Enquirer: 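The structure under discussion is supplied below as structure tokens; questions concerning it will follow.
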Amino acid sequence: MTALDIKASVDELRSAIVGMRLQNIYDLSPKVFLLKFGQSDRKMHVLIESGVRVHITTLTREKPKVPSQFTN
């Protein structure tokens, strides 16, 4: 990702999640994380693939029932 990619991602996220609270973080794989934000009846998911992409998603993904060793 270039600096321009990161700036565009930050601008998109800033306008979408301002005022929302981070409710949970899921590690889908060693380099992919799903952040769950919420506020009252609004919910939003942000997918982060380290060094590749950051974006808002509406797709539901399989979340592990047990955290990885990385989180311990």
Side-chain angles (χ1 to χ4, degrees):
M1 291 184 75
T2 66
L4 185 59
D5 294 329
I6 293 170
K7 181 183 179 345
S9 296
V10 168
D11 289 344
E12 176 189 15
L13 292 174
R14 183 178 293 145
S15 64
I17 63 174
V18 166
M20 297 182 94
R21 191 182 109 201
L22 180 61
Q23 294 180 330
N24 215 334
I25 301 173
Y26 301 97
D27 55 336
L28 304 179
S29 74
K31 291 192 172 202
V32 180
F33 299 92
L34 183 68
L35 284 64
K36 179 180 171 185
F37 291 90
Q39 175 190 28
S40 305
D41 58 343
R42 283 182 42 201
K43 298 212 183 305
M44 184 158 309
H45 294 94
V46 176
L47 184 75
I48 300 173
E49 186 173 357
S50 182
V52 179
R53 60 186 170 150
V54 176
H55 61 85
I56 297 168
T57 183
T58 56
L59 294 175
T60 56
R61 300 185 188 274
E62 185 69 28
K63 298 174 194 90
K65 295 187 187 298
V66 179
S68 71
Q69 293 295 347
F70 173 74
T71 58
N72 291 336

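None of these values were measured; they are calculated from a predicted model. Residue numbers count from 1 along this sequence.
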Enquirer: What's the separation between atom CZ in Phe37 and atom NZ in Lys43, rounded to the nearest 0.5 Å?
Expert: 13.0 Å
Enquirer: Which heavy atom in Ala16 sits nearest to a heavy atom in Ile56, and how many Å separate them?
Expert: CB-CD1, 3.5 Å
Enquirer: I need the single residue from Ile48, Leu13, Leu47 that forms a side-chain contact (heavy atoms from CB on, under 4.5 Å) with His55. Which is it?
Expert: Leu47
Enquirer: Looking at every heavy atom in both Glu49 and Val32, which two are closest together, and how far apart are they?
Expert: CG-CG2, 3.8 Å
Enquirer: Does the side chain of Met1 come within less than 4.5 Å of Ser9's, by heavy atoms?
Expert: yes
Enquirer: With a 4.5 Å limit on heavy-atom distance, are the side chains of Leu22 and Leu35 in contact?
Expert: yes
Enquirer: Below 4.5 Å, heavy atoms only, C-beta onward: do Gln39 and Arg21 meet side chain to side chain?
Expert: no
Enquirer: Could you tell me the separation between the CD atom of Gln23 and the NE2 atom of His45, rounded to the nearest 0.5 Å?
Expert: 8.5 Å
Enquirer: Hey, any chance Val46 and Leu34 share a hydrophobic cluster, counting ILVMFWY side chains that come within less than 4.5 Å of each other, even indirectly?
Expert: no
Enquirer: Main chain of Thr2, side chain of Asp5: is a donor-acceptor contact present, judged purely on distance under 3.5 Å?
Expert: yes
